Participant: 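Here you go, one structure.
Since the structure is predicted, the reported quantities are computational estimates derived from the model, not experimental observations. Remember, it's 1-based here, ligands and their atoms both numbered in the order they're listed. Computation of the quantities below employed the complete heavy-atom set of this structure, encompassing side-chain atoms and omitting hydrogens, waters and symmetry-equivalent molecules.
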Amino acid sequence: MPTSIEWNARYQANNEQPVACEVLANYTHLLPATGKALDLACGFGANARLLSQHGLETHAWDYADVAIAQLQQHDSTIHTQVKDIIQQPPAPTSYDVIVVCHFLERALITPIINALKPNGLLFYQTFIQEQVSDRGPKRAEFRLSNNELLRLCHELRLLIYHEEGRVGNITQGFRDQVLLIGQKIQ
Ligand SMILES: C[S@@+](CC[C@H](N)C(=O)[O-])C[C@H]1O[C@@H](n2cnc3c(N)ncnc32)[C@H](O)[C@@H]1O
C-alpha cells in the first residue's frame, strides 16, 4: 500500500479537478437533510464537497496533508483532519453518513459500521478483482472479490448494491468497481 509520502507526491503532481464517486453523486436523494457526515480517506475530497453542499456537517480525513490542505482551501466549512485512519478509526456511533471511495482496509469495515449512528448510511465504492480495464490497484488484495463487499457489510440493511464484474457486454455498464449503500438498523 502506498505511504502518505507517496500519496502526497501524487497529489502534488496532480491538478485534475476531483470528481465525486458514483455511489454518492448518483444517490444524493438518499442523504438525510441534516446530520454529520464523514468522507474517509478523502483525498482532494470531492465527496466531502458534495456532502457539504448538501447541507451536512462534513468531516474529511486523510493522511495526505497535501490533499487535505487543498480541500480546506476550497471549502473552509469542512472539518478536515490529517490522520492515519487505520490507527485512529472514527469513534462508535458518531456519524449519520460515512462515505468511503477507492480505499480498502478490510479490518476497518467493522469499525466503520460501528461508527454509524442508528439509521446512519454507509456509501462504499471501490475496485473489484473481476476487472475489464487496468484502472485501480494492481494487487489483487487491494480489490474485492465477487460479493465480498456484500458479505463484509451483511449487518446493514441493503439499499443499493451494484457489481457487474465481466458479465455480458463488457463494453457497457458499470465495470471494474462495486458500490454499496447500506443503512444501520438499531
Ligand atoms: C485512491 S485515493 C482515494 C481518494 C478519494 N476517496 C477519492 O475517491 O478520490 C486513496 C486515499 O486513501 C488515503 N489513505 C490511504 N491509507 C490511509 C490511511 N491509513 N489513513 C488515512 N488515509 C489513507 C490516501 O492518502 C489517498 O488519499
Side-chain angles (χ1 to χ4, degrees), residues 1-28 31 37-54 56 58-75 78-91 94-95 97-116 121-129 131 133-144 148-149 152-153 160 162-163 174-182:
M1 181 134 29
T3 63
S4 58
I5 295 168
E6 289 164 319
W7 276 112
N8 270 330
R10 288 186 197 187
Y11 287 127
Q12 208 104 50
N14 180 350
N15 50 15
E16 282 169 29
Q17 269 297 103
V19 178
C21 288
E22 287 87 345
V23 72
L24 184 63
N26 295 344
Y27 297 99
T28 50
L31 289 170
L38 174 64
D39 182 1
L40 206 55
C42 60
F44 284 134
N47 297 315
R49 285 156 62 163
L50 191 50
L51 292 165
S52 175
Q53 281 161 22
H54 190 81
L56 298 171
T58 302
H59 297 241
W61 299 356
D62 199 290
Y63 66 8
D65 55 291
V66 169
I68 288 289
Q70 183 164 317
L71 173 58
Q72 192 67 81
Q73 211 170 20
H74 182 85
D75 184 342
I78 296 174
H79 304 269
T80 56
Q81 279 193 55
V82 177
K83 68 195 305 188
D84 186 322
I85 59 178
I86 296 173
Q87 305 295 329
Q88 296 172 274
S94 48
Y95 285 97
V97 174
I98 299 179
V99 179
V100 187
C101 188
H102 300 154
F103 171 83
L104 178 61
E105 174 61 45
R106 288 168 176 82
L108 209 54
I109 301 230
T110 297
I112 290 171
I113 291 173
N114 290 343
L116 290 170
L121 296 174
L122 175 63
F123 292 72
Y124 208 120
Q125 175 174 340
T126 200
F127 292 98
I128 53 174
Q129 289 166 3
Q131 59 199 98
S133 81
D134 59 4
R135 288 183 63 198
K138 304 270 171 290
R139 283 167 56 182
E141 77 226 57
F142 297 140
R143 310 179 74 110
L144 290 162
E148 190 178 354
L149 191 56
L152 289 167
C153 298
I160 305 286
H162 198 139
E163 181 189 304
F174 177 76
R175 304 293 177 166
D176 295 329
Q177 301 182 68
V178 56
L179 66 78
L180 174 146
I181 305 173

Participant: To the nearest 0.1 Å, how far is atom 20 (N) of ligand 1 from its closest protein heavy atom, and which atom is that?
Facilitator: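 I find the closest protein heavy atom is Ile85 N, 2.9 Å.
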Participant: Have a look at ligand 1 and work out which part of Tyr11, if any, has a heavy atom under 4.0 Å from it: side chain, backbone, both or neither.
Facilitator: side chain
Participant: Output the list of atoms in ligand 1 that are nearer than 4.0 Å to some heavy atom of Ala64, sorted by atom number.
Facilitator: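 The list of qualifying atoms is 25 (O).
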Participant: Measuring from atom 2 (S) of ligand 1, which candidate in Trp61, Phe127, Trp7 has the nearest non-hydrogen atom?
Facilitator: Trp7
Participant: Considering only protein heavy atoms, which is closest to atom 12 (O) of ligand 1, and at what distance to one decimal place?
Facilitator: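 For this ligand atom, the closest protein heavy atom is Ala41 CB, 3.4 Å.
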Participant: Can you tell which part of Cys42 has a heavy atom less than 4.0 Å from ligand 1: side chain, backbone, both or neither?
Facilitator: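 It is the backbone that gets close, since no side chain atom is under 4.0 Å.
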Participant: Do Phe142 and Phe127 have ring centres separated by under 6.0 Å?
Facilitator: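 They do not qualify: ring centres at least 6.0 Å apart.
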Participant: Among all protein non-hydrogen atoms, which one is nearest to atom 10 (C) of ligand 1, and what is the separation to 0.1 Å?
Facilitator: His102 O, 3.5 Å
Participant: So which heavy atom in the protein is nearest atom 25 (O) of ligand 1, and how far is it from that ligand atom?
Facilitator: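 Nearest neighbour among protein heavy atoms for atom 25 (O) of ligand 1, to 0.1 Å: Asp62 OD1, 2.6 Å.
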Participant: Check whether any N or O atom of Cys101, backbone or side chain, sits under 3.5 Å from an N or O atom of ligand 1, and answer yes or no.
Facilitator: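 Checking ligand 1 against Cys101, an N or O pair does fall under 3.5 Å apart.
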Participant: Mind checking the CD-CG spacing from Glu148 to Leu104? Nearest 0.5 Å is all I need.
Facilitator: 7.0 Å
Participant: Does either side chain, that of His102 or that of Gln177, offer a donor lying less than 3.5 Å from an acceptor on the other one?
Facilitator: yes
Participant: Using a 4.0 Å cut-off to any heavy atom of Ile86, which atoms of ligand 1 qualify?
Facilitator: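 In order of numbering, the contacting atoms are 19 (N).
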Participant: Indicate the ring-plane relationship of His79 and His59, choosing parallel, tilted or perpendicular according to the 30° and 60° boundaries.
Facilitator: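 Correct class here is parallel.
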Participant: Under 4.0 Å, heavy-atom basis, I'd like to know which part of Lys83 is in contact with ligand 1: side chain, backbone, both or neither.
Facilitator: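 The answer is the backbone of Lys83.
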Participant: Any sub-3.5 Å donor-acceptor pair from Gln129's side-chain atoms to Arg143's backbone N or O?
Facilitator: yes
Participant: If you round to the nearest 0.5 Å, how far is CZ of Phe103 from CG of Asp62?
Facilitator: 9.0 Å
Participant: Measure the CZ-CG distance between Phe44 and Asp39 for me, rounded to the nearest 0.5 Å.
Facilitator: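 The distance works out to 13.0 Å.
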Participant: For Tyr11 and Gly43, which heavy atoms make the closest approach, and how far apart are they?
Facilitator: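 Reported closest heavy-atom pair: OH-CA, 3.2 Å.
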Participant: Which atoms of ligand 1 sit under 4.0 Å from any heavy atom of Asp84?
Facilitator: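 Matching atoms, with element in brackets: 18 (C), 19 (N), 20 (N).
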Participant: Is there a polar contact between ligand 1 and Tyr63, counting only N or O atoms under 3.5 Å apart?
Facilitator: yes
Participant: Looking at Gln73, I want to see if its CD is surrounded by more than 12 non-hydrogen atoms of other residues, nucleotides or ligands under 6.0 Å.
Facilitator: no
Participant: Do ligand 1 and Leu40 have nitrogen or oxygen atoms that lie under 3.5 Å from each other?
Facilitator: no
